[in-house]
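Below is one structure; the comments refer to it alone.
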Amino acid sequence: GTMTVGDLAKLLHKDASEVIKKLIFLGVMATINQELDMDAILLIAGDYGVEVEVKIPVEEDSFETVEETDEEEDLVSRPPVVTIMGHVDHGKTTLLDSIRKTNVTGGEAGGITQHIGAYQVEINHKKITFLDTPGHEAFTLMRARGAQVTDITIIVVAADDGIMPQTVEAINHAKAAGVPIIVAVNKIDKPEANVDKIKQEMTEYELVPEEWGGDTIFVEVSAKQRIGLENLLEMILLVAEVNDYKANPDKRARATVIEAELDKGKGPVARILVQHGTLKIGDAFVAGNCFGRVRAMVNDKGRRLKEAGPSTPVEITGLTEVPLAGDPFMVFEDERKARAIADRRSIKQRQSEMGANTRVTLDDLYSHIKDGEIKDLNVIIKADVQGSAEALKGSLAKIDIEGVRVKIIHSGVGAITESDIILASASNAIVIGFNVRPDPQAEATIAQEKVDVRMHRVIYNVIDEIEQAMKGMLDPVF
Ligand code: GDP
């Protein structure tokens with residue numbers, strides 16, 4: 001329940017007028033019947049030297065407990081949500097721009113294109129949603145926050161270049177997320193383009209073209225000359241059809257925040273992707289730790305909407321604060337409820353920031369194994385040379401203790417980067433640096449995401465450490 005100024009005063013054995021004075025001193029204009037948020041309660045209690053223990057009741061429809069209990073007959077097809085990833089300069093941005101332009105046809109004329117973090121195009125009367133921020137960093141950052149928004153990944157490779165380090169990263173990030181991959185071989189307009197070479201290189205990453213007996217779709221495109229784009233869109237629809245993406249539009253909306261910012265004129269705005277249900281004007285919601293009521297909704301063509309169904313990206317106003325990218329967004333029956341849940345969420349977050357970390361570390365691996373929580377130890381390897389990375393991979397793959405296996409989700413050459421740490425965080429992995437160290441940006445992220453990073457110079461020591469950890473025999477490191 002909620003607490004008014006009067007309730008709090010009674011609890012603290014103080015005069016309500018005294019509490020009101022304090023609140024005014026703190027910049028909160030209050031009356032005796034006013035409801036207080038948790039911050040205000042903690043502040044006032046703290047001021048009186050009273051410790052407050054916050055009990056968080058499990059609410060039936062808080063974020064954590066909502067079950068997706070849709071009946072099969074309530075589910076309808078929804079557009080697939082697509083992310084474009086690949087190496088820098090291979091044409092991700094150009095491809096996103098060109099695809100968007102394939103679609104400025106009669107129906108939507110008059111609208112002004114708006115950047116809202118994602119857009120929709122239509123082909124063969126079917127819609128496809130594209131996330132507008134290319135690259136695997138954004139993709140995996142969202143995953144690290146628990147948001148899975150992408151259905152299909154397009155890996156772009158320039159046909160005049162080849163598979164580059166970020167191409168490999170993109171492939172591994174997509175695989176770690178379990179998202180189907182379509183390869184777009186780009187820049188085929190260039191005389192140096194060599195599509196077969198790209199296909200050949202891709203087979204090393206288990207992406208084998210259909211004509212070579214595999215099951216990966218390769219599409220040849222020129223993002224710049226706008227060649228092959230329709231074919232690419234049709235292939236996306238094909239993958240979507242196979243996977244049969246569905247959602248129930250007839251319930252309160254759940255979405256994910258793609259971007260959010262403080263707009264000078266509009267106040268806090270959030271660009272969100274609706275995933276379940278239908279979002280309507282006036283809906284009370286929680287986004288991360290913020291709450292609000294949908295005041296206005298605009299789509300990527302600058303149109304005002306009254307409602308938005310599954311896979312629709314919209315920009316909304318009506319928030320009290322600015323949420324974070326990747327924050328879950330959920331509609332509640334009324335604003336009072338939304339506010340209570342937002343309060344609870346921010347307290348929980350504060351508590352978990354102070355409390356134990358939830359990431360797997362070698363030190364607590366054994367207890368997770370014992371409790372049956374872990375079957376694979378996810379590992380990311382960064383090494384100084386390719387040879388060492390391969391040797392480590394080979395040795396780690398042979399470890400099998402207590403039925404737990406090591407699963408290498410990414411390996412590469414070079415310093416440990418922020419992207420490695422975010423992938424580790426999203427996939428609950430540890431990171432091994434072999435003769436390499438984290439770069440400065442990665443250092444900060446390691447502390448924030450609480451990822452276990454181990455540096456070694458001898459392969460035997462890596463193997464030994466992991467085996468000991470699996471047996472629960474690791475000496476604690478202080
Ligand atoms: P990103 O870093 O992956 O987003 O790559 P960009 O979209 O910024 O493209 C990098 C460069 O490649 C730009 O100069 C583009 O004009 C060029 N480019 C992108 N696609 C093509 C293409 O299909 N053909 C050619 N010739 N150039 C392209």
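Just the heavy atoms: all of them, side chains too, but no hydrogens, waters or symmetry mates, feed the values below.
- Side-chain atoms of K301 come within 3.5 Å of backbone atoms of Q120 as a donor-acceptor pair (strictly under, hydrogens ignored).
- A distance-only check finds a donor-acceptor pair linking the side chain of N186 to the backbone of A223 [under 3.5 Å].
- A donor-acceptor pair under 3.5 Å links the side-chain atoms of N299 to the main chain of R303, judged by distance alone.
- Salt bridge present: R78 and D151 bring a charged side-chain N and a carboxylate O closer than 4.0 Å.
- Of the possible polar contacts, none joining the T320 side chain to the G292 backbone as a donor-acceptor pair under 3.5 Å is found.
- No more than 12 heavy atoms of other residues, nucleotides or ligands lie within 6.0 Å of CD in E230, so this atom counts as exposed by the packing criterion.
- Side-chain polar atoms of D132 and H115 form a donor-acceptor pair below 3.5 angstrom.
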After noting the C-alpha distance and the side-chain angles of F285 and F332, does the key distance pass the ring pair (Phe, Tyr, Trp, His ring centres under 6.0 Å) rule? CA-CA 6 Å; F285 63 83; F332 288 91; 9.7 Å; no
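- No hydrogens or angles considered: nothing links the side chains of H87 and T167 as a donor-acceptor pair under 3.5 Å.
- For E390, the CD atom sits in a packed shell: over 12 heavy atoms of surrounding residues, nucleotides or ligands are nearer than 6.0 Å.
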For E169 and S419, run side-chain hydrogen bond (donor to acceptor under 3.5 Å, both in side chains): C-alpha distance rounded to whole Å, both residues' side-chain angles, the deciding distance at 0.1 Å, then the answer. CA-CA 9 Å; E169 281 191 18; S419 162; 3.1 Å; yes
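- The backbone N or O of S367 lies less than 3.5 Å from no partner atom in the side chain of D364, so there is not a single donor-acceptor pair.
- Judged by distance alone, with hydrogens and angles left aside, the side-chain atoms of D327 form a donor-acceptor pair with the main-chain N or O of L324 at under 3.5 Å.
- A heavy-atom distance below 4.5 Å is found between the side chains of N248 and K251.
- A side chain to side chain contact (heavy atoms under 4.5 Å, CB included) with T150 holds for exactly one of V82, L273, T83; it is T83.
- Defined by atom type and a distance below 3.5 Å, a donor-acceptor pair is present between the side-chain atoms of H90 and D161.
- In this structure, E261 places its CD atom where more than 12 heavy-atom neighbours from other residues, nucleotides or ligands lie under 6.0 Å away.
- A salt bridge links E201 to K197: one of the charged nitrogens lies within less than 4.0 Å of a carboxylate oxygen.
- No donor-acceptor pair under 3.5 Å is formed between the side chain of R293 and the backbone N or O of A284.
- Between K175 and E206 there is a salt bridge, since a side-chain N of the basic residue sits under 4.0 Å from a carboxylate O of the acidic one.
- Remark: the backbone N or O of G265 is paired with a side-chain donor or acceptor of D263 at under 3.5 angstrom.
- T129 places a side-chain N or O within 3.5 Å of a backbone atom of S311 that can act as its donor or acceptor partner.
- Considering only heavy atoms from C-beta on, D439 stays 4.5 Å or farther from I416 through its side chain.
- Just one of I409, N378, L141 meets the side chain to side chain contact (heavy atoms under 4.5 Å, CB included) condition when paired with L423; it is I409.
- Salt bridge status for D244 with K246: present, with a side-chain N to carboxylate O gap under 4.0 Å.
- With hydrogens and angles disregarded, a donor-acceptor distance shorter than 3.5 Å links the side chain of Q275 to the backbone of Q148.
- Remark: of the listed residues D215, I181, I163, I181 is the sole one forming a side chain to side chain contact (heavy atoms under 4.5 Å, CB included) with L207.
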Test side chain to side chain contact (heavy atoms under 4.5 Å, CB included) on L233 and F130; report intermediate values, then the result. CA-CA 11 Å; L233 296 179; F130 284 89; 3.7 Å; yes
The test is side chain to side chain contact (heavy atoms under 4.5 Å, CB included); show your working for V451 and V431 and say whether it passes. CA-CA 8 Å; V451 168; V431 180; 4.0 Å; yes
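- Between R254 and D70, no side-chain nitrogen of the basic residue sits less than 4.0 Å from a carboxylate oxygen of the acidic one, so the salt-bridge criterion is not met.
- Separating the OG1 atom in T133 from the CD1 atom in I84 is a distance of 11.0 Å, to the nearest 0.5 Å.
- More than 12 heavy atoms of other residues, nucleotides or ligands shown are found within 6.0 angstrom of CG on D400.
- Look at D420 and K382 and you find a salt bridge, because one of the NZ, NE, NH1 or NH2 atoms lies within 4.0 Å of a carboxylate O, short of that distance.
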Checking side-chain hydrogen bond (donor to acceptor under 3.5 Å, both in side chains) for the pair Q166/H136: CA distance, chi angles, key distance, verdict? CA-CA 9 Å; Q166 286 167 35; H136 52 268; 5.8 Å; no
For the pair T278 and R252, evaluate side-chain hydrogen bond (donor to acceptor under 3.5 Å, both in side chains) and give the outcome as yes or no after the intermediate values. CA-CA 6 Å; T278 296; R252 285 190 211 126; over 6 Å; no
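- In this structure, D376 does not pair ionically with R405, as no charged nitrogen and carboxylate oxygen lie closer than 4.0 Å.
- Put simply, CD1 on I155 and CZ on F218 are 10.5 Å apart, with the number rounded to the nearest 0.5 Å.
- In this structure, NZ on K471 lies 12.5 Å from CD1 on I466, to the nearest 0.5 angstrom.
- Between the OG1 atom of T203 and the CH2 atom of W212 there is a distance of 6.5 Å, given to the nearest 0.5 Å.
- Annotation for K266: atom NZ counts as buried by contact number, over 12 foreign heavy atoms lying within 6.0 Å.
- Once rounded to the nearest 0.5 Å, the distance linking CG of L229 with NZ of K101 reads 11.0 Å.
- In summary, D452 and R454 engage in a salt bridge, as defined by a charged side-chain N under 4.0 Å from a carboxylate O.
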